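Counting from 1, the numbers follow the sequence of the chain as shown. On a predicted model such as this, the values are computed, not experimentally measured, just so you know. Side chains included, hydrogens not; waters and symmetry mates left out as well; all remaining heavy atoms used.
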Amino acid sequence: MSTQPAQAPLLIACALGIEHVALRTGDRSGAGGPVAVLRTGMGPRAAERSVTRALADPALAGAAVLATGFCAGLAPGMHPGDLVVAEETRDPRGTVACTGTDLLVKELARALPGRTVHTGPLTGSDHVVRGEERADLRATGAIAVDMESAATLLSAVREYPRPVAAVRVVVDAPEHELVRIGTLRGGISAFRVLRSVLPTFFEWHRNVLLPRR
């Protein structure tokens with residue numbers, strides 16, 4: 001008698017405590033397999049260390065990896081609570097193409113009607129980006145920036161290819177610039193959006209890891 005292969009795990013990585021709370025308290029009933037939510041800490045080095053260590057655990061062998069949390073929007077007209085689905089992540093060390101972008105966009109539009117979903121390159125930084133530097137990054141074609149997604153995905157594909165994606169919620173945009181990182185706690189709209197996206201991550205996970213026949 002044949003048996004269906006077990007679903008590979010899903011590793012969801014975020015940096016901040018408030019992001020982790022949103023993800024840990026979201027609806028997890030639709031998960032199609034084992035799910036681990038990892039708080040990496042802030043910055044690319046912390047993300048690289050945490051993700052590399054997590055993926056060394058045999059329990060996460062073959063895991064798909066999704067980077068999420070908050071980001072700074074770079075394009076005019078972006079607003080807090082908008083969503084960013086990366087087509088690729090970039091930093092000075094390289095570029096990683098994302099898996100299943102179209103599926104994520106479709107599922108986010110279904111799950112969060114009325115929310116704007118932006119797609120394009122997501123660039124990495126080792127610091128909070130403000131002022132003219134935001135415009136400089138926009139000139140490269142990037143639509144948003146954060147400190148961990150690029151490092152997370154680079155770490156995920158270092159040893160071998162696996163499904164990877166990055167979905168971020170805008171808390172900081174050209175017309176809505178944050179004064180300090182602590183003001184994220186006032187981003188109730190962004191928090192609620194992040195808390196609501198888990199079902200779309202699970203749908204992505206089920207589809208990108210369908211067993212081959």
Side-chain angles (χ1 to χ4, degrees), residues 9-55 57 59-60 63-73 78-86 89 104 107-108 111-112 114-118 122 124-129 144-153 155-156 164-173 176-205:
L10 170 63
L11 176 64
I12 302 173
C14 64
L16 302 177
I18 191 170
E19 296 167 342
H20 193 250
V21 169
L23 295 165
R24 295 286 295 180
T25 58
D27 180 6
R28 298 166 67 99
S29 61
V35 177
V37 179
L38 174 69
R39 180 185 174 187
T40 65
M42 283 183 63
R45 290 184 181 179
E48 181 176 4
R49 285 194 302 268
S50 295
V51 172
T52 300
R53 184 166 56 246
L55 292 177
D57 184 341
L60 289 174
V65 176
L66 193 150
T68 194
F70 303 133
C71 71
M78 282 183 158
H79 296 90
D82 285 1
L83 289 145
V84 171
V85 177
T89 58
L104 280 166
E107 292 301 323
L108 287 167
L112 295 161
R115 289 286 174 190
T116 302
V117 181
H118 307 268
L122 176 62
S125 175
D126 61 2
H127 58 277
V128 176
V129 174
V145 58
D146 75 86
M147 291 192 284
E148 297 83 26
S149 291
T152 293
L153 269 55
S155 300
V164 293
V167 177
R168 291 275 171 171
V169 182
V170 174
V171 292
D172 182 28
H176 306 273
E177 193 164 295
L178 291 176
V179 176
R180 61 186 185 280
I181 199 71
T183 58
L184 286 180
R185 295 189 179 278
I188 300 302
S189 174
F191 178 89
R192 287 176 176 167
V193 171
L194 185 59
R195 193 168 181 265
S196 301
V197 295
L198 277 174
T200 68
F201 296 171
F202 298 152
E203 186 67 20
W204 173 83
H205 181 221

Heavy-atom check, side chain of Thr68 versus side chain of Glu19, under 4.5 Å: no

Would you indicate whether the side-chain heavy atoms of Thr25 and Arg195 approach each other to under 4.5 Å? yes

I'd like to check Val35 versus Phe202 (side-chain heavy atoms, cut-off strictly below 4.5 Å). Are they in contact? yes

For residues Ala156 and Val51, report the shortest heavy-atom separation together with the two atoms involved. N-CG1, 4.4 Å

Mind checking what makes side chain to side chain contact (heavy atoms under 4.5 Å, CB included) contact with Ala150, not counting sequence neighbours? Thr89, Asp91

Could you grab the distance from atom CG of Leu38 to atom CG of Leu55, nearest 0.5 Å is fine? 8.5 Å

Counting only N and O atoms by type, is there a donor-acceptor contact under 3.5 Å from the side chain of Arg168 to the main-chain atoms of Phe70? yes

Measuring from atom CG of Leu10 to atom CZ of Phe201, what distance do you get when rounded to the nearest 0.5 angstrom? 8.5 Å

Nearest 0.5 Å, what's the CD-OG1 distance between Glu48 and Thr40? 11.5 Å

Non-hydrogen side-chain atoms of His79 and Val170 separated by less than 4.5 Å: no

For Leu104 and Ala165, which heavy atoms make the closest approach, and how far apart are they? CD1-CB, 3.8 Å

So which atom in Leu60 and which in Ala54 form the shortest heavy-atom distance, rounded to 0.1 Å? CD1-O, 3.3 Å

Quick check for you: to the nearest 0.5 Å, what is the distance between Ile18 atom CD1 and Arg39 atom CZ? 10.5 Å

Side chain Glu148, main chain Gly43, donor-acceptor under 3.5 Å: yes

Which atom pair, heavy atoms only, marks the closest approach of Ala47 to Thr152? CB-OG1, 3.7 Å

Interatomic distance, Cys71 atom SG to Met147 atom CE [nearest 0.5 angstrom]: 12.0 Å

Nearest atoms (heavy-atom pairs only) where Arg115 meets Gly81: CD-O, 3.5 Å

Between Val171 and Pro80, the two heavy atoms sitting closest are O-CG, 4.0 Å

Could you work out, with side chain to side chain contact (heavy atoms under 4.5 Å, CB included) as the rule, every residue matching Val117, not counting sequence neighbours? Leu83, Val85, Val105, Leu108

Could you tell me the separation between the CG atom of Leu23 and the CG atom of Leu198, rounded to the nearest 0.5 Å? 5.5 Å

